[in-house]
Amino acid sequence: MRFGKKFLCCALGGMMLGGIALSGCNNSMFDFGGYEYPDFPYADEDDTIDSWTQWEKDEIITIDWFIDSTSYSLPKEGSRVMDEILRKTGVKINFKKATSGDGSELTNLIAGNDLPDLVSVTAGMDDLVGGGKIFPINGLAERWAPSLWRRITEEGEMLNTYKDADDNLFYIVNNFYNSEEMQSYRELGGDILPNDGIVVRKDYLEAFCEYKKQQDPAWKDADMANPDGVLEFLLWTKQTYALPNSNHSVLISAFDSNEKNGSRGIQVLMEYFSCEEEDTDGNYVYPQASENFVEMMQWMNELYRSNLLTSGCLGATQTQINQYIQTGEPIMYIGKMITPSSYFRNWEMNLNGNNPKGEDAAYVPIIFTNSKGDVPQLSCRTSGELFTMVSANCERPDRVIKLLDYLYSEEGQRLIYYGINTADDAENGTYFYTVQPGTKVTLDDGSEYVYKYGQMDYTDEVKTAFQTNVESYGIYFCMFLCNPMYVNLTSISGGQFNNYRDYVKWNSRAALIPYSYDKRGFEFTLDTSDSRYKTSLTTQSNIRSKWYKKYAEIIGQASKEDVASEIADLLQWCESAGLSNYIEFNNDCFRAHKERLGIDYAWAPNDPESGYEDLTISSVYGDVSYYKEVPENMKDADL
């Protein structure tokens, strides 16, 4: 494969902080392994020398970085974090994010060959790779950032998970959970949250449970931890509180063409209903073809026919969903938990004046099985919130890869999460070490533990700012290449617990922790070197697009029989579009991926060593012992 576009040695910058704009030139091109790279001086081969220290200090450049997601907040130009990135790397970043969730902006950029220097996507990576739209990270790193490749290979797990059959890595993955660091966190007593979940209003649920116990003193809330029990609760709440049909009683995350299953809410329900992607022999299977998927869609259809999950709910944008949540409209919400967390907080804190019950009416997680009683497994590892790639249009990939090296490094992670060390800058510093890196301690169980990164705490000034707005500091804003375990391992509070919203984010999933599992076995990529690759990629795109367009229509059928019929018809269409060959190819890639990881099973119910058989549901509330109490000062201070 060869990129069609020739690269010019042209800097994008201008004068900034005394920097001198780079003049254009036409350097010759060299061909390495099928890719054309511009002729810029190589970095020092010594990979212990940080690549971002190797640039001419008067060469400030400007690049564009597109984030194909509506849910991320962009860092503010001139914040302390962004100024430090510029000072360290000589790169000024113009961020832009998607304004719609339908993928149209990225599609237009690709069609017009207008991809910016850096692009971070939530889906469609294989299309960009197959179309020769991006550079391989390793190709750039071996020339201009050997220290980045050292870091990636030392971490190892991301590379092993996402490299292709030719050992090329085309993107750096945001929110990638390293297994060793997860284990290290557990040694400190930490717990890993599932990615998403289902929440209901606490006051409604408590009232329903009290009603059921009055009817039958022997009744336990675990008795409702099944589809029929949850439906009864929803119908009882709608009737008891006289909620009109126009009320947005059940909401799911907004439909988004970038989502693998059309909506994160659909994905969550597939996990609750145990729609398997792996059979007992360890083979990949198509989850939409399972009986459990049909049951799930029929349950959603019953919600629809009961005026709980309305057309307005299914068609709502995430912005609209957030507004409904902060006014307490939904009885139940299914899907992403981080994105609407500010609006859960707003409702809980009664910021709009409609919730005099306060925390007693908070949204709390619930757990329930399918009708067979299969205890759900909720993924606690993302399959890539964002995949960041260097575009073939990038005119200075030598500098961009150094920027990525800095952001990926421990120093970069420290800047993103904590800002500037007071020991380096007393006036502008935002944090200080409480435990120095490498410190060895004895834990309560008598074992020894080494704080690899140390532990840190914020200054009082920053702690106060966290209760209102830390935008001027830039902390927690440049979150596109973050290691989620870094803050867990380094924070004195064991994670991100800086304001009321942070506690809401935790508590909206905390009780589901016993039901979470590591999803890395399913995070496989398609083999680009296989002759079946392009055909399978087309099949995947066509099938996902078809489901995306049909989900709401299927849910809105007149009966559960019609739902089953529609699914059968759609599966037949998928078969005509190449589903069987697609499954076969996926299975080969899936099994090769598990072999690289050294695992036999990706799904806990199939793994006899997972302990899944001992997992039970003793309460629809999950395990509430994992909740964290919000400190009183944060209740008073947060806005």
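A donor-acceptor pair is defined here as one N or O able to donate and one able to accept, closer than 3.5 Å; such a pair exists between the side chain of Trp55 and the backbone of Lys88. Remark: side-chain polar atoms of Ser536 are not paired, donor with acceptor, to backbone N or O of Tyr533 under 3.5 angstrom. Side chain of Thr153 to backbone of Gly156: no donor-acceptor contact under 3.5 angstrom is found. Looking only at distances, no side-chain donor or acceptor of Gln377 sits under 3.5 Å from a matching main-chain atom of Tyr517. In this structure, Gln413 contributes its side chain and Asn483 its backbone to a donor-acceptor pair below 3.5 Å. Distance alone, capped at 3.5 Å, places no donor-acceptor pair between the Asp50 side chain and the Thr53 backbone. Checked by atom type and distance alone, the side chain of Asp166 never pairs as donor or acceptor with a backbone atom of Asn168 at under 3.5 Å. Proximity of a side-chain donor or acceptor of Gln54 to a complementary backbone N or O of Asp44 within less than 3.5 Å is detected. Looking at Ser491, its side chain never comes within 3.5 Å of a backbone N or O of Asn488 through a donor-acceptor pair. Between the side chain of Glu259 and the backbone N or O of Asn261, no donor-acceptor pair lies under 3.5 Å.
Side-chain contact between Tyr171 and Thr525 is present, with at least one heavy-atom pair separated by less than 4.5 Å. Between Asn421 and Tyr433, some side-chain heavy-atom pair lies under the 4.5 Å cut-off.
The number of heavy-atom neighbours closer than 6.0 Å to CD of Glu410, taken from other residues, nucleotides and ligands shown, is above 12. Surrounding NZ of Lys163 are more than 12 heavy atoms belonging to other residues, nucleotides or ligands, all under 6.0 Å away. Heavy-atom contacts from other residues, nucleotides or ligands closer than 6.0 Å to CD of Glu45 number 12 or fewer.
A cation-pi arrangement is absent between Arg151 and Tyr408, since the terminal nitrogen or guanidinium carbon is not both under 6.0 Å from the aromatic centre and inside a 45° cone about the axis. Judged by a 6.0 Å distance limit and a 45° cone about the ring axis, Lys628 is positioned over the six-membered ring of Trp506.
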- Message: Would Arg80 and Glu84 count as a salt bridge (Lys or Arg N to Asp or Glu O under 4.0 Å) here? Give the steps.
- Response: CA-CA 6 Å; Arg80 296 186 193 181; Glu84 184 68 4; over 6 Å; no
- Go through the steps to decide whether Glu523 and Lys519 satisfy the test salt bridge (Lys or Arg N to Asp or Glu O under 4.0 Å), and finish with yes or no. CA-CA 7 Å; Glu523 294 169 348; Lys519 194 184 179 184; over 6 Å; no
- Please test Lys96 against Glu105 for salt bridge (Lys or Arg N to Asp or Glu O under 4.0 Å), starting from the C-alpha separation and ending with a verdict. CA-CA 11 Å; Lys96 181 181 179 181; Glu105 289 150 297; 5.5 Å; no
- Show the numbers, then the answer: is there a side-chain hydrogen bond (donor to acceptor under 3.5 Å, both in side chains) between Tyr418 and Thr490? CA-CA 10 Å; Tyr418 292 98; Thr490 56; 2.7 Å; yes
- Report the C-alpha separation of Thr442 and Tyr449 in whole Å, then their side-chain angles, then the decisive distance to 0.1 Å, and conclude whether the side-chain hydrogen bond (donor to acceptor under 3.5 Å, both in side chains) test is met. CA-CA 6 Å; Thr442 301; Tyr449 181 87; over 6 Å; no
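Of the N and O atoms on the side chains of Glu271 and Ser379, at least one donor lies less than 3.5 Å from an acceptor on the other residue. Side-chain atoms of Tyr431 and Arg414 form a donor-acceptor pair, as typed in the model, at a separation below 3.5 Å. A donor-acceptor contact closer than 3.5 angstrom links the side chains of Asp405 and Ser147. Defined by atom type and a distance below 3.5 Å, a donor-acceptor pair is missing between the side-chain atoms of Tyr486 and Asn178.
When every heavy atom of Gln455 is checked against every heavy atom of Leu489, the shortest pair comes out as CG-O, 4.0 Å.
Using the six-membered ring where Trp is involved, Tyr503 and Phe497 have ring planes that are tilted, between 30° and 60° apart. Ring planes of Phe524 and Phe590: tilted class, angle from 30 to 60°.
Applying the side chain to side chain donor-acceptor pair (under 3.5 Å) test to Trp65 and every residue at least two apart in sequence or in another chain returns Ser120.
In this structure, the ring of Phe432 has its center no less than 6.0 angstrom from the ring center of Tyr458.
Contact check on Glu448 versus Lys440 returns a salt bridge, with a Lys/Arg side-chain nitrogen under 4.0 Å from an Asp/Glu carboxylate oxygen. For the pair Lys336 and Asp196, the salt-bridge criterion is not met [side-chain N within less than 4.0 Å of a carboxylate O].
Among the candidates Gln540, Arg532, Lys534, the single residue satisfying the side chain to side chain contact (heavy atoms under 4.5 Å, CB included) test with Leu526 is Gln540.
Among residues at least two apart or in separate chains, side chain to side chain donor-acceptor pair (under 3.5 Å) pairs with a member in residues 594-604 are Glu278-Lys594.
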